[in-house]
Amino acid sequence: MEKGKIYEEAEKIAQKYNPDSISPFPYEKVQEEHKDLAIIFSDKLPEGISGAIFYNKENSSEAQNGAEVASSIETKQEPNFIILISTQKPFTRQHFTIAHELGHYFLHQDIIKSEESIVDGEGSLDGSKMLFRLDNAEYSRVETEANNFAAALIMPTALVIKAWKTLKSIEEVAKVFNVSPSAMSIRLEKLGLIG
Amino acid sequence: MDDEDKKIQTGSGEITPRPMSSGGIGNGGGGGSITSDELKKILQAQPTVRYSRLPSQSVPVSRPVADTIEQEKKRIENEGLRQNINLKRKTLWILFWFLAAETALIFLLAFFQGFTAWHFHLEEWSFKLLVTATISQITVMLFVAVKHLFPSH
(Lines give C-alpha, C1' and ligand atoms only; values in the text may rest on other atoms or scores of the structure.)
Protein backbone atom coordinates (compact mmCIF):
# COMPACT_ATOMS: atom_id res chain seq x y z
CA MET A 1 0.00 0.00 0.00
CA GLU A 2 1.26 3.49 -0.82
CA LYS A 3 2.61 5.59 2.01
CA GLY A 4 0.10 8.35 1.33
CA LYS A 5 -2.83 5.93 1.54
CA ILE A 6 -1.49 4.52 4.82
CA TYR A 7 -1.28 8.02 6.30
CA GLU A 8 -4.77 8.73 5.04
CA GLU A 9 -6.11 5.51 6.55
CA ALA A 10 -4.36 6.15 9.88
CA GLU A 11 -5.60 9.73 10.12
CA LYS A 12 -9.12 8.55 9.25
CA ILE A 13 -8.97 6.03 12.09
CA ALA A 14 -7.47 8.67 14.40
CA GLN A 15 -10.32 11.02 13.52
CA LYS A 16 -12.88 8.31 14.22
CA TYR A 17 -11.54 7.03 17.55
CA ASN A 18 -9.69 10.12 18.73
CA PRO A 19 -11.54 13.18 17.41
CA ASP A 20 -10.16 15.41 20.20
CA SER A 21 -6.59 14.33 19.41
CA ILE A 22 -5.91 13.04 22.89
CA SER A 23 -2.54 11.63 23.78
CA PRO A 24 -1.90 8.82 24.73
CA PHE A 25 -4.12 7.46 21.94
CA PRO A 26 -7.37 6.03 23.45
CA TYR A 27 -6.91 2.62 21.83
CA GLU A 28 -9.50 1.12 24.19
CA LYS A 29 -12.12 2.81 22.00
CA VAL A 30 -10.86 0.70 19.09
CA GLN A 31 -11.25 -2.39 21.26
CA GLU A 32 -14.75 -1.39 22.27
CA GLU A 33 -15.85 -1.28 18.66
CA HIS A 34 -13.75 -4.15 17.33
CA LYS A 35 -14.94 -7.07 19.41
CA ASP A 36 -12.57 -9.37 17.56
CA LEU A 37 -9.59 -7.53 19.05
CA ALA A 38 -8.01 -7.85 22.49
CA ILE A 39 -4.99 -5.99 23.77
CA ILE A 40 -3.18 -7.73 26.58
CA PHE A 41 -0.32 -6.29 28.62
CA SER A 42 2.29 -8.63 29.94
CA ASP A 43 5.53 -8.32 31.86
CA LYS A 44 6.55 -11.79 30.81
CA LEU A 45 7.58 -11.25 27.23
CA PRO A 46 11.27 -11.85 26.50
CA GLU A 47 13.50 -8.80 26.75
CA GLY A 48 13.91 -8.20 23.02
CA ILE A 49 10.18 -8.41 22.26
CA SER A 50 8.10 -5.23 22.38
CA GLY A 51 4.82 -6.68 21.17
CA ALA A 52 3.07 -9.15 18.95
CA ILE A 53 -0.23 -9.74 17.25
CA PHE A 54 -1.71 -13.22 17.03
CA TYR A 55 -4.58 -14.66 15.12
CA ASN A 56 -6.65 -17.05 17.16
CA LYS A 57 -8.26 -19.45 14.72
CA GLU A 58 -10.28 -21.11 17.47
CA ASN A 59 -12.22 -17.88 18.02
CA SER A 60 -12.64 -16.88 14.41
CA SER A 61 -16.15 -16.27 13.15
CA GLU A 62 -15.84 -19.25 10.80
CA ALA A 63 -15.02 -21.48 13.74
CA GLN A 64 -17.82 -19.99 15.84
CA ASN A 65 -20.38 -20.42 13.09
CA GLY A 66 -19.67 -24.12 13.07
CA ALA A 67 -19.78 -24.51 16.83
CA GLU A 68 -22.86 -25.25 18.90
CA VAL A 69 -23.71 -22.28 21.07
CA ALA A 70 -25.03 -23.11 24.52
CA SER A 71 -26.60 -19.78 25.42
CA SER A 72 -27.22 -16.38 23.92
CA ILE A 73 -24.60 -14.83 26.25
CA GLU A 74 -21.94 -16.86 24.56
CA THR A 75 -22.88 -15.72 21.09
CA LYS A 76 -20.84 -12.54 21.49
CA GLN A 77 -17.77 -12.52 19.31
CA GLU A 78 -14.60 -13.57 21.06
CA PRO A 79 -11.41 -11.76 20.18
CA ASN A 80 -9.54 -13.61 17.50
CA PHE A 81 -6.84 -10.99 17.09
CA ILE A 82 -4.76 -10.71 20.24
CA ILE A 83 -2.22 -7.96 20.66
CA LEU A 84 0.36 -8.67 23.33
CA ILE A 85 2.35 -5.70 24.66
CA SER A 86 5.43 -5.92 26.85
CA THR A 87 5.12 -3.77 29.97
CA GLN A 88 8.85 -4.11 30.55
CA LYS A 89 9.43 -1.40 27.99
CA PRO A 90 9.14 2.33 28.75
CA PHE A 91 5.70 3.86 28.30
CA THR A 92 6.70 5.67 25.10
CA ARG A 93 7.72 2.34 23.56
CA GLN A 94 4.48 0.67 24.68
CA HIS A 95 2.46 3.54 23.21
CA PHE A 96 4.17 3.24 19.83
CA THR A 97 4.03 -0.57 19.89
CA ILE A 98 0.25 -0.56 20.42
CA ALA A 99 -0.13 1.80 17.45
CA HIS A 100 2.23 -0.38 15.41
CA GLU A 101 0.26 -3.54 16.21
CA LEU A 102 -2.98 -1.71 15.41
CA GLY A 103 -1.34 -0.94 12.08
CA HIS A 104 -0.90 -4.67 11.50
CA TYR A 105 -4.50 -5.21 12.60
CA PHE A 106 -5.97 -2.66 10.21
CA LEU A 107 -3.60 -3.22 7.28
CA HIS A 108 -2.37 -6.79 7.40
CA GLN A 109 -5.20 -9.01 8.59
CA ASP A 110 -4.69 -11.42 5.71
CA ILE A 111 -1.01 -11.85 6.50
CA ILE A 112 -1.72 -12.30 10.21
CA LYS A 113 -4.36 -14.91 9.37
CA SER A 114 -2.04 -16.83 7.11
CA GLU A 115 1.02 -16.54 9.36
CA GLU A 116 -0.89 -16.70 12.68
CA SER A 117 1.32 -14.07 14.27
CA ILE A 118 3.67 -11.16 13.78
CA VAL A 119 6.18 -10.63 16.56
CA ASP A 120 7.85 -7.26 16.86
CA GLY A 121 11.08 -6.58 18.63
CA GLU A 122 12.87 -3.30 19.07
CA GLY A 123 14.67 -3.94 15.79
CA SER A 124 11.54 -4.25 13.68
CA LEU A 125 9.97 -1.20 15.31
CA ASP A 126 12.85 1.09 14.52
CA GLY A 127 13.61 -0.65 11.27
CA SER A 128 17.21 -1.46 12.02
CA LYS A 129 17.28 -5.23 12.57
CA MET A 130 14.82 -7.86 11.46
CA LEU A 131 14.53 -11.60 11.20
CA PHE A 132 12.23 -12.97 8.61
CA ARG A 133 10.03 -15.85 7.77
CA LEU A 134 8.42 -14.01 4.89
CA ASP A 135 10.97 -12.98 2.36
CA ASN A 136 13.04 -10.00 3.31
CA ALA A 137 11.31 -7.46 1.12
CA GLU A 138 7.81 -8.56 2.13
CA TYR A 139 8.55 -8.46 5.85
CA SER A 140 10.28 -5.13 5.49
CA ARG A 141 7.25 -3.74 3.64
CA VAL A 142 4.82 -5.01 6.29
CA GLU A 143 6.85 -3.51 9.13
CA THR A 144 7.42 -0.22 7.36
CA GLU A 145 3.71 0.09 6.65
CA ALA A 146 2.87 -0.61 10.31
CA ASN A 147 5.45 1.98 11.42
CA ASN A 148 4.06 4.60 9.03
CA PHE A 149 0.54 3.82 10.24
CA ALA A 150 1.61 4.09 13.89
CA ALA A 151 3.40 7.38 13.27
CA ALA A 152 0.38 8.93 11.58
CA LEU A 153 -2.01 7.52 14.20
CA ILE A 154 -0.29 8.90 17.30
CA MET A 155 1.57 11.82 15.70
CA PRO A 156 -0.95 13.45 13.31
CA THR A 157 0.71 15.70 10.72
CA ALA A 158 -1.10 18.96 11.52
CA LEU A 159 -0.48 18.70 15.25
CA VAL A 160 3.17 17.70 14.85
CA ILE A 161 3.75 20.76 12.63
CA LYS A 162 1.97 22.99 15.17
CA ALA A 163 3.93 21.52 18.08
CA TRP A 164 7.24 21.83 16.24
CA LYS A 165 6.60 25.47 15.31
CA THR A 166 5.64 26.26 18.90
CA LEU A 167 8.17 24.29 20.90
CA LYS A 168 11.13 23.87 18.49
CA SER A 169 12.65 21.03 20.49
CA ILE A 170 12.52 17.34 19.58
CA GLU A 171 12.43 16.32 23.26
CA GLU A 172 9.58 18.72 24.08
CA VAL A 173 7.51 17.69 21.04
CA ALA A 174 8.14 14.01 21.80
CA LYS A 175 6.88 14.56 25.34
CA VAL A 176 3.66 16.13 24.04
CA PHE A 177 2.90 13.05 21.90
CA ASN A 178 4.13 10.51 24.47
CA VAL A 179 6.72 9.04 22.12
CA SER A 180 10.48 8.70 22.31
CA PRO A 181 12.69 11.49 20.94
CA SER A 182 14.03 9.06 18.32
CA ALA A 183 10.49 8.23 17.07
CA MET A 184 9.70 11.93 16.96
CA SER A 185 12.88 12.82 15.10
CA ILE A 186 12.04 10.21 12.43
CA ARG A 187 8.53 11.67 12.12
CA LEU A 188 9.88 15.23 11.88
CA GLU A 189 12.40 14.14 9.29
CA LYS A 190 9.71 12.42 7.19
CA LEU A 191 7.59 15.56 7.36
CA GLY A 192 10.59 17.57 6.18
CA LEU A 193 10.69 19.69 9.34
CA ILE A 194 14.27 18.73 10.20
CA GLY A 195 17.17 17.88 7.93
CA MET B 1 3.07 -32.55 23.27
CA ASP B 2 -0.37 -33.52 22.00
CA ASP B 3 -2.82 -31.16 20.31
CA GLU B 4 -4.83 -30.62 23.48
CA ASP B 5 -1.73 -29.41 25.32
CA LYS B 6 -1.04 -26.87 22.61
CA LYS B 7 -4.34 -25.09 23.24
CA ILE B 8 -3.97 -22.02 25.35
CA GLN B 9 -6.72 -20.61 27.52
CA THR B 10 -6.55 -16.85 27.23
CA GLY B 11 -9.62 -16.24 29.31
CA SER B 12 -11.58 -15.04 26.35
CA GLY B 13 -10.96 -17.99 24.12
CA GLU B 14 -8.26 -20.39 23.13
CA ILE B 15 -5.25 -19.88 21.01
CA THR B 16 -3.09 -22.50 19.41
CA PRO B 17 0.21 -20.95 18.51
CA ARG B 18 2.58 -22.64 16.15
CA PRO B 19 6.27 -22.56 16.92
CA MET B 20 7.75 -19.39 15.44
CA SER B 21 9.96 -21.49 13.22
CA SER B 22 6.96 -22.91 11.46
CA GLY B 23 4.43 -20.12 11.79
CA GLY B 24 4.43 -16.45 12.65
CA ILE B 25 6.72 -13.88 11.18
CA GLY B 26 9.55 -11.97 12.71
CA ASN B 27 10.99 -12.98 16.03
CA GLY B 28 11.67 -9.51 17.12
CA GLY B 29 15.10 -8.63 15.88
CA GLY B 30 16.84 -6.66 18.60
CA GLY B 31 18.14 -9.86 20.18
CA GLY B 32 14.77 -11.22 21.40
CA SER B 33 12.99 -14.41 20.46
CA ILE B 34 9.92 -16.23 21.60
CA THR B 35 9.04 -19.89 21.54
CA SER B 36 5.69 -21.60 21.47
CA ASP B 37 6.06 -22.73 25.09
CA GLU B 38 6.97 -19.26 26.30
CA LEU B 39 4.03 -17.81 24.46
CA LYS B 40 1.76 -20.39 26.04
CA LYS B 41 2.95 -19.49 29.53
CA ILE B 42 2.56 -15.77 28.89
CA LEU B 43 -0.99 -16.05 27.64
CA GLN B 44 -1.97 -18.45 30.44
CA ALA B 45 -0.83 -15.89 32.97
CA GLN B 46 -3.13 -13.18 31.63
CA PRO B 47 -6.45 -12.34 33.29
CA THR B 48 -9.75 -12.68 31.47
CA VAL B 49 -10.14 -9.45 29.55
CA ARG B 50 -12.31 -8.11 26.82
CA TYR B 51 -10.17 -5.02 26.69
CA SER B 52 -7.58 -3.64 29.00
CA ARG B 53 -5.77 -0.47 29.91
CA LEU B 54 -2.10 0.14 30.36
CA PRO B 55 -0.87 -0.44 33.93
CA SER B 56 -1.90 2.81 35.62
CA GLN B 57 1.42 3.60 37.25
CA SER B 58 3.12 4.10 33.90
CA VAL B 59 0.43 6.04 32.05
CA PRO B 60 0.62 9.82 31.71
CA VAL B 61 -2.60 11.82 31.99
CA SER B 62 -4.67 11.72 28.79
CA ARG B 63 -5.35 15.17 27.41
CA PRO B 64 -5.79 16.87 24.04
CA VAL B 65 -2.49 17.44 22.27
CA ALA B 66 -3.41 21.05 21.45
CA ASP B 67 -3.85 21.80 25.17
CA THR B 68 -0.55 20.11 25.99
CA ILE B 69 1.24 22.20 23.35
CA GLU B 70 -0.13 25.42 24.88
CA GLN B 71 0.72 24.23 28.37
CA GLU B 72 4.27 23.30 27.33
CA LYS B 73 4.68 26.64 25.58
CA LYS B 74 3.70 28.47 28.78
CA ARG B 75 5.93 26.20 30.86
CA ILE B 76 8.92 26.93 28.63
CA GLU B 77 8.18 30.67 28.75
CA ASN B 78 7.89 30.54 32.54
CA GLU B 79 11.07 28.52 32.75
CA GLY B 80 12.81 31.16 30.65
CA LEU B 81 11.47 33.93 32.89
CA ARG B 82 12.54 32.06 36.01
CA GLN B 83 16.06 31.60 34.63
CA ASN B 84 16.10 35.27 33.69
CA ILE B 85 15.08 36.29 37.20
CA ASN B 86 17.70 34.02 38.75
CA LEU B 87 20.36 35.51 36.50
CA LYS B 88 19.26 39.05 37.40
CA ARG B 89 19.33 38.21 41.09
CA LYS B 90 22.84 36.80 40.80
CA THR B 91 24.07 39.83 38.84
CA LEU B 92 22.51 42.23 41.32
CA TRP B 93 24.10 40.40 44.23
CA ILE B 94 27.56 40.67 42.61
CA LEU B 95 26.91 44.36 41.87
CA PHE B 96 25.86 44.99 45.45
CA TRP B 97 29.06 43.48 46.87
CA PHE B 98 31.18 45.35 44.34
CA LEU B 99 29.58 48.68 45.30
CA ALA B 100 29.86 47.86 49.00
CA ALA B 101 33.57 47.12 48.61
CA GLU B 102 34.08 50.28 46.59
CA THR B 103 32.26 52.40 49.19
CA ALA B 104 34.32 50.84 51.97
CA LEU B 105 37.51 51.61 50.09
CA ILE B 106 36.52 55.25 49.52
CA PHE B 107 35.54 55.55 53.19
CA LEU B 108 38.95 54.18 54.16
CA LEU B 109 40.72 56.66 51.86
CA ALA B 110 38.64 59.53 53.29
CA PHE B 111 39.58 58.36 56.81
CA PHE B 112 43.27 58.27 55.92
CA GLN B 113 43.00 61.65 54.21
CA GLY B 114 41.23 63.18 57.20
CA PHE B 115 43.68 61.86 59.80
CA THR B 116 46.78 61.86 57.55
CA ALA B 117 47.35 58.30 58.75
CA TRP B 118 50.67 56.75 57.62
CA HIS B 119 51.46 60.08 55.95
CA PHE B 120 48.67 59.37 53.47
CA HIS B 121 47.76 62.48 51.54
CA LEU B 122 46.03 63.13 48.25
CA GLU B 123 45.92 66.49 46.50
CA GLU B 124 42.60 68.12 47.27
CA TRP B 125 41.44 68.16 43.63
CA SER B 126 42.23 64.45 43.16
CA PHE B 127 40.48 63.51 46.41
CA LYS B 128 37.38 65.48 45.40
CA LEU B 129 37.47 63.86 41.94
CA LEU B 130 37.73 60.38 43.47
CA VAL B 131 34.81 60.91 45.85
CA THR B 132 32.62 62.59 43.21
CA ALA B 133 33.39 59.92 40.62
CA THR B 134 32.58 57.13 43.08
CA ILE B 135 29.29 58.67 44.19
CA SER B 136 28.32 59.23 40.53
CA GLN B 137 29.26 55.67 39.61
CA ILE B 138 27.21 54.19 42.46
CA THR B 139 24.22 56.39 41.58
CA VAL B 140 24.36 55.49 37.87
CA MET B 141 24.80 51.78 38.56
CA LEU B 142 21.86 51.72 40.95
CA PHE B 143 19.77 53.63 38.42
CA VAL B 144 20.65 51.15 35.65
CA ALA B 145 20.03 48.14 37.92
CA VAL B 146 16.65 49.39 39.13
CA LYS B 147 15.58 50.38 35.62
CA HIS B 148 16.52 46.93 34.31
CA LEU B 149 14.85 45.09 37.20
CA PHE B 150 11.63 47.05 36.96
CA PRO B 151 11.24 47.93 33.29
CA SER B 152 8.41 50.37 32.61
CA HIS B 153 6.77 48.02 29.99
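Lettering follows sequence order; numbering is per chain, from 1.
- Placement of B:Phe120 and B:Leu105 in two distinct hydrophobic clusters is found when ILVMFWY residues are connected by side-chain heavy-atom separations under 4.5 Å, directly or transitively.
- The side chain to side chain donor-acceptor pair (under 3.5 Å) contacts involving residues 172-195 of chain A comprise A:Ser23-A:Asn178, A:Asn148-A:Lys190, A:Thr157-A:Arg187, A:Glu172-B:Arg75, A:Ser180-A:Ser182, where partners must be two or more places apart or lie in separate chains.
- Counted within 6.0 Å of CZ on B:Phe107, heavy atoms from surrounding residues, nucleotides or ligands total 12 or fewer; the atom is thus considered open.
- Residues B:Pro64 and A:Ser21 are not in side-chain contact: their nearest non-hydrogen atoms beyond the backbone lie 4.5 Å or more apart.
- There is no path of hydrophobic side-chain contacts, each under 4.5 Å, that joins B:Phe96 to B:Ile138.
- Contact detail for B:Ser62 and A:Pro24: the closest heavy-atom pair is OG-CD, 3.7 Å.
- For A:Phe177, the part lying near chain B is the side chain, with the backbone staying farther off; criterion is any non-hydrogen pair under 4.5 Å.
- Once rounded to the nearest 0.5 Å, the distance linking NZ of A:Lys162 with CD of B:Glu70 reads 5.5 Å.
- Here the closest non-hydrogen pair linking B:Ile69 and A:Val176 is CG1-CG1, 3.9 Å.
- Applying the salt bridge (charged side-chain N to carboxylate O under 4.0 Å, His left out) definition to pairs two or more places apart or across chains, those involving residues 82-95 of chain B are B:Glu79-B:Arg82.
- What you find for B:Glu72 and A:Leu167 is that their closest heavy atoms are CB-CD2, 3.8 Å.
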